[in-house]
Amino acid sequence: MLADPDAAREWASGRLVKPLAAGTGFPAMAEGATPAPPRPAAKTAKTTGAAKSTGASKAAAAERRRRLTRARKEADRAARELRTREKAAATASREAFAAKKNWDEAQQRVSDLTAELQHAREAQQQARSAEQTARERARAADRGVREARRKADAAAEEAQRLETPEQ
């Protein structure tokens, strides 16, 4: 295991382009010598793959952000559509309630008028019966008047005949 993290990364990449520098505290290091500054690792196929992988992951992240943006826009659109439909449903419900109320009122008016018509028909029937009874009484009275007139005329004639001497 390597104590220097940079050396460990170079070693793990599988390809060393220069010898590893000796670290501090190791007797193999010459006195007065300074270790070479670490250089950036050369791009290898694996690092290039990592860069491509990083590029691919950036592209995937960008695609994910685009899909998330689309999904949020679609969710907003769906929420607006839901609110619109809820308002329409509430309006339709109020209209249905008002129409039902109007129908109930009209039905009640029909029932009231039907009852009133029935009472009017009964009153008409009673009036017709009373008219017929009155006509019959009037006819009977007219017959009585004619009979009484005939009797009166006959009695008057008899009286006149008796008043006049016979010749």
Side-chain angles (χ1 to χ4, degrees), residues 1 5-6 8-15 38 40-167:
M1 179 159 283
D6 292 329
R9 272 194 294 278
E10 285 184 45
W11 182 267
S13 70
R15 190 168 151 200
K43 289 190 178 182
T44 62
K46 191 169 189 173
T47 348
T48 309
K52 285 182 183 177
S53 173
T54 303
S57 67
K58 285 182 183 179
E63 177 60 25
R64 186 176 186 288
R65 284 191 302 272
R66 281 192 294 275
R67 287 192 350 247
L68 178 61
T69 301
R70 277 195 306 264
R72 285 181 178 159
K73 286 180 181 178
E74 179 60 24
D76 289 344
R77 188 201 61 73
R80 283 191 306 275
E81 178 72 17
L82 173 63
R83 285 190 297 275
T84 301
R85 289 182 184 252
E86 285 175 336
K87 287 177 185 176
T91 300
S93 179
R94 284 190 302 274
E95 289 172 355
F97 179 77
K100 173 74 167 102
K101 183 179 175 189
N102 288 341
W103 183 87
D104 288 342
E105 290 171 358
Q107 185 65 29
Q108 184 60 46
R109 179 126 168 88
V110 166
S111 294
D112 293 346
L113 290 174
T114 301
E116 187 177 335
L117 178 61
Q118 183 63 31
H119 293 301
R121 285 183 175 157
E122 289 171 4
Q124 180 187 30
Q125 186 62 36
Q126 289 173 354
R128 180 173 289 146
S129 179
E131 176 197 19
Q132 287 173 347
T133 303
R135 268 198 225 147
E136 288 173 7
R137 280 195 312 243
R139 278 190 226 125
D142 283 345
R143 280 191 304 268
V145 166
R146 282 192 307 268
E147 182 65 28
R149 185 173 289 134
R150 194 174 50 76
K151 285 181 181 180
D153 286 345
E157 269 180 40
E158 182 64 27
Q160 184 149 7
R161 189 177 58 83
L162 290 176
E163 280 180 11
T164 37
E166 269 189 50
Q167 294 177 359

How far does [atom1] of [X] sit from [atom2] of [Y], to the nearest 0.5 angstrom?
X	Y	atom1	atom2	value
Arg150	Arg143	CZ	CZ	13.5 Å
Asp142	Arg146	CG	CZ	6.0 Å
Arg109	Asn102	CZ	CG	13.5 Å
Gln107	Thr114	CD	OG1	8.5 Å
Arg64	Thr69	CZ	OG1	10.5 Å

Item to check | salt bridge (Lys or Arg N to Asp or Glu O under 4.0 Å) contacts touching residues 84-93 (sequence neighbours left out) | outcome: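 Checked against salt bridge (Lys or Arg N to Asp or Glu O under 4.0 Å) - neighbours excluded - the pairs reaching residues 84-93 are Glu81-Arg85.
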
According to salt bridge (Lys or Arg N to Asp or Glu O under 4.0 Å), does anything in residues 112-133 pair up with another residue at least two apart or in another chain? List the pairs.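 Non-adjacent pairs meeting salt bridge (Lys or Arg N to Asp or Glu O under 4.0 Å): Glu131-Arg135.
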
Presence of salt bridge, Glu63 and Arg70, under 4.0 angstrom: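 Answer for the salt bridge query: yes.
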
**Q.** Side-chain ion pair, Asp104 and Lys100, N-O less than 4.0 Å
**A.**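 Yes, charged N to carboxylate O under 4.0 Å.
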
Glu74: side-chain contact (heavy atoms from CB on, under 4.5 Å) partners, not counting sequence neighbours:
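With neighbours one apart ignored, the set is Arg77.
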
query = Quick one: does Ser93's side chain have a donor or acceptor within less than 3.5 Å of a partner on Ala89's backbone?
reply =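 No, Ser93 side chain to Ala89 backbone: no donor-acceptor pair under 3.5 Å.
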
- Can you check whether Gln160's main-chain N or O pairs, donor with acceptor, with Thr164's side chain at less than 3.5 Å?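 Present.
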
- prompt: Is the closest side-chain donor-acceptor distance between Arg94 and Thr91 under 3.5 Å?
  reply: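 Side-chain D/A pair, Arg94 to Thr91: present.
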
